[in-house]
Number of protein chains: 2
Amino acid sequence: MSAVRLRDIAERLGLSVTTVSRALAGYSDVAEQTRQLVLQTAQEMGYYPNLTARHLQRQRTDTIGFVVDIFGPRFSDPLFSELLAGIGNLAAREGFDLLVATTPPDTDDEVEAYRRLVRGRRVDGLILVRTRVADRRVQFLLEQQFPFVTFGRSTGAERFSWVDVDGERGVYEVVNRLIAVGHQRIALLQPDLPIMFARFRERGYRAAMAHHDLPVNESWIVHEALTEDGGYRGMQRLLELPSPPTAVLTNNDQMAIGAIRALQERGLRAGHDVAVVGFDDIPLARHIHPALTTLRQPIYQIGQHLCRTLIALIRGELDEPFHLLLQPEIVVRESARL
Amino acid sequence: MSAVRLRDIAERLGLSVTTVSRALAGYSDVAEQTRQLVLQTAQEMGYYPNLTARHLQRQRTDTIGFVVDIFGPRFSDPLFSELLAGIGNLAAREGFDLLVATTPPDTDDEVEAYRRLVRGRRVDGLILVRTRVADRRVQFLLEQQFPFVTFGRSTGAERFSWVDVDGERGVYEVVNRLIAVGHQRIALLQPDLPIMFARFRERGYRAAMAHHDLPVNESWIVHEALTEDGGYRGMQRLLELPSPPTAVLTNNDQMAIGAIRALQERGLRAGHDVAVVGFDDIPLARHIHPALTTLRQPIYQIGQHLCRTLIALIRGELDEPFHLLLQPEIVVRESARL
DNA sequence: CTGTTAGCGCTTTCAT
DNA sequence: ATGAAAGCGCTAACAG
């Protein structure tokens, strides 16, 4: 168990630590015979480099950081594992470790988590998700000139790399299609936090309504948590309006599912009495009843893009900030006929 | 941006690095005045310790590792984020970082990931989930005498710490109750991998059937992926049997949802024509229609238990392996009336 | 080709 | 109360 070090190999072979190191690293200025000997001995002795020591010496950690907003103890997010898979698989392939920190959003803990990772040189770069309006994390990383990539754009003209899904356009299209099939009172279930993607989507919503000269009743825009419960409550509030909307767009599939339940409880059917559109297209979406009409985000690929971009940035291979705006795919199923 | 080191503070103040280090660490053998000066200067200069250097010196990383099995690119697991939240929040509170590695299960990559973390002394301990029959990861960690905790027991009499949910008893109870309300042909949707929890659950299933002298038709035990699609396919196979089961137990809620869809496609209703029981009680379970009858695992708390135990182990505060067997809670909703 | 030397930034005896 | 020195395990510049 006691760890074998370069020195142990060197002493055994009567070589210097340097030579052993270079033999293992495959440098060309080591005699073939020596190299073989070293390789074999290292194998025999079960040598494995101490990564911490290597990191200190190389002045990099070969690690990327990912700070996750956690909303309460029941943080159940089907997208999250898929995003992590995308990031993690690519990171592993490129020889990077992934450090995940969990914090409640927009708190002092969150700030401290970032400080720790950045200032403590704990990681070489950061991936940041769910960008917020006037995002202090973005601000901080920009100040620190620390490599990072975000999933989602931010306010201001900051120059940094991001990957995003064009929710504005996606929602614009969906609202157009809802209007085309006869809807006029269209509601939008928004999150209860100033998340950027929701702003863009709302913009698309308003643009489409305006485009058709349809008025937007502000009580159609309801703010709730991005959960099933949030969607449920939001839909309830909408149903209590004097003349409820006939179509509802939500900010994720969980909200849509909650909304559908609120409808069912009143004897209404999603897709018949009220159209419900989700966002994300989690695997569950096509299996529930009624199957969810939704806007797909290719989340695994987004994870890969984020990771690939960050690694390029860390390696200094990126001269300009990288921007990628993906188009969401409208997936029509039963909860809204389009 | 250039990192401030202890030496920079020392030089500025005309002190030695040693004194600065001790002042910052709060040692008592530093003059109060000196301490104040150091603290203030460190603050001014924006000092933050280089964690890698500290780790190398202290011979520990204050990091725990978590290797996640990833099944294909659409790895969407609502439980996963919740487990991670439980682990991560507690780790952060105790001053530990969390390193997450993603690998496909039971491959050479997986073995290499463990080797790397353990032999490279990349982390101080590991959390391992979904223990498998004859689990080579457990074997490896035991050989290496490396601190680890598992979610799930394993075969053999290995002495290591684990947290588990008593699926055997939970399923036993559920089957009893299904039988009590008249079911006799009861099926079990198993995973397509040799995961320990499925073995225990199957044991509970067989015990309950035997207890009531009911025969078990081996074609009622179907092996599929732990996904909605898996549940869907499994249910289809069951429905093709000459006399299909009237009740189905699944190994997670996603499978149950897939199974319900297979029923619906044939015009059958879960909870009326066929009873469907899930496992886990993900937040979605109560929002879909029909609402899922299921066995709840308190997954966030399990994450905390795992993390707490591992940290105790790392700190040498654990003399005996720690074992915790939690009872799942039967949550009766619409998909199976019990 | 191989070894010597220096150093990554920190902590920790051990003197003084 | 403070500092000098050693060392964690590795890599790299520079001699020879």
Side-chain angles (χ1 to χ4, degrees), chain A residues 1-39 41-42 45-63 95 116-124, chain B residues 1-39 41-42 45-63 95 116-124:
Chain A
M1 164 75 199
S2 65
V4 178
R5 300 155 304 166
L6 286 183
R7 205 175 84 188
D8 300 317
I9 302 177
E11 281 173 1
R12 168 96 84 103
L13 295 177
L15 288 170
S16 75
V17 169
T18 314
T19 303
V20 175
S21 171
R22 277 185 304 214
L24 257 21
Y27 278 54
S28 57
D29 58 353
V30 178
E32 185 52 30
Q33 196 186 352
T34 310
R35 181 206 316 294
Q36 289 305 333
L37 193 60
V38 169
L39 252 47
T41 310
M45 298 177 75
Y47 172 76
Y48 204 100
N50 181 315
L51 298 174
T52 305
R54 178 177 281 177
H55 294 160
L56 178 60
Q57 154 65 31
R58 289 195 178 154
Q59 293 290 82
R60 55 185 160 86
T61 60
D62 289 334
T63 305
R116 175 183 167 74
L117 297 179
V118 172
R119 306 300 315 281
R121 275 130 287 172
R122 190 72 180 85
V123 298
D124 297 338
Chain B
M1 166 73 199
S2 64
V4 178
R5 300 156 303 165
L6 285 184
R7 204 174 83 186
D8 299 317
I9 301 176
E11 281 173 0
R12 168 97 84 102
L13 295 176
L15 288 169
S16 74
V17 169
T18 315
T19 303
V20 174
S21 171
R22 276 185 306 215
L24 256 20
Y27 278 54
S28 57
D29 59 353
V30 179
E32 185 53 30
Q33 197 187 351
T34 310
R35 180 204 318 292
Q36 290 305 333
L37 194 60
V38 169
L39 253 47
T41 310
M45 299 177 74
Y47 172 75
Y48 204 101
N50 181 314
L51 298 173
T52 305
R54 178 177 282 176
H55 294 160
L56 177 59
Q57 156 63 31
R58 288 195 179 154
Q59 292 290 81
R60 56 187 160 85
T61 59
D62 290 334
T63 304
R116 174 182 167 74
L117 297 179
V118 171
R119 306 298 316 283
R121 275 130 287 174
R122 189 73 180 85
V123 298
D124 296 338

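All chains are named by letter (A, B, ...) in the order of the sequence lines, taking the proteins before the strands, and each is independently numbered beginning at 1.
To the nearest 0.5 Å, atoms OH (A:Tyr47) and CG (A:Leu6) are separated by 3.5 Å. Taking CZ from B:Arg54 and OG1 from A:Thr52, the interatomic distance works out to 13.5 Å, rounded to the nearest 0.5 Å.
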**Item:** Intermediate values then yes/no, side-chain contact (heavy atoms from CB on, under 4.5 Å), B:Val38 and B:Thr19
**Value:** CA-CA 9 Å; B:Val38 169; B:Thr19 303; 5.5 Å; no

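The nearest whole Å value for the distance from the CG atom in B:Leu56 to the P atom in C:dC8 is 13 Å. The separation between B:Leu24 atom CG and D:dA1 atom C1' is 17 Å, rounded to whole Å. To the nearest angstrom, P of D:dG9 lies 15 Å from NE2 of B:His55. The CZ-P distance, from A:Arg7 to C:dT5, rounds to 16 Å in whole Å. Taking atom CZ on A:Arg121 and atom P on C:dC10, their separation rounds to 7 Å, with Å as the unit. One interatomic measurement links the two molecules: CZ of A:Arg5 to C1' of D:dG9, which rounds to 8 Å at whole-angstrom precision. Atom CG of A:Leu6 and atom C1' of C:dG3 are 15 Å apart (whole Å). For A:Gln57 and D:dT11, the CD to P distance is 7 Å, given to the nearest whole Å.
When distances run from any side-chain atom of A:Gln59 to the nucleotides C:dC8, C:dG3, C:dT12, the shortest one goes to C:dC8.
Between C:dG9 and B:Thr52, no contact under 4.0 Å exists linking OP1 or OP2 to a side-chain N or O. The phosphate of D:dA12 has OP1 or OP2 within less than 4.0 Å of a side-chain N or O from A:Tyr27. Look at A:Thr19 and you won't find any side-chain N or O under 4.0 angstrom from OP1 or OP2 of C:dT2. Residue B:Tyr47 places at least one side-chain N or O under 4.0 Å from the OP1 or OP2 atom of C:dC10. Proximity of B:Arg54 to the phosphate of C:dT11: a side-chain N or O atom is located under 4.0 Å from OP1 or OP2. Using a 4.0 Å cut-off, some side-chain N or O of A:Ser21 falls inside it from OP1 or OP2 of D:dT11. Distances shorter than 4.0 Å separate none of the side-chain N or O atoms of B:Thr18 from OP1 or OP2 on D:dG3.
A 4.5 Å side-chain heavy-atom check between A:His55 and A:Arg121 finds every atom pair outside the cut-off. Under the 4.5 Å side-chain criterion, counting only non-hydrogen atoms from C-beta, B:Asp124 is not in contact with B:Thr63. Residues A:Tyr48 and B:Arg116 meet the side-chain proximity criterion, which asks for heavy atoms closer than 4.5 Å.
Where B:Tyr48 and A:Arg35 meet DNA chain C, the nucleotide closest to each residue was compared, and A:Arg35 sits on the side nearer the 5' end. Across the interface with DNA chain D, nearest-nucleotide mapping of B:Ala53 and B:Thr34 shows B:Thr34 to be the residue nearer the 5′ end.
As judged by a 4.0 angstrom heavy-atom cut-off over every strand, B:Gly14 is placed among residues touching the sugar-phosphate backbone only. Using a 4.0 Å heavy-atom cutoff across all strands shown, A:Asn50 reaches sugar-phosphate atoms only and no base atom.
With hydrogens and angles left out, the side chain of B:Arg22 and the base of D:dG3 share a donor-acceptor pair within 3.5 Å.
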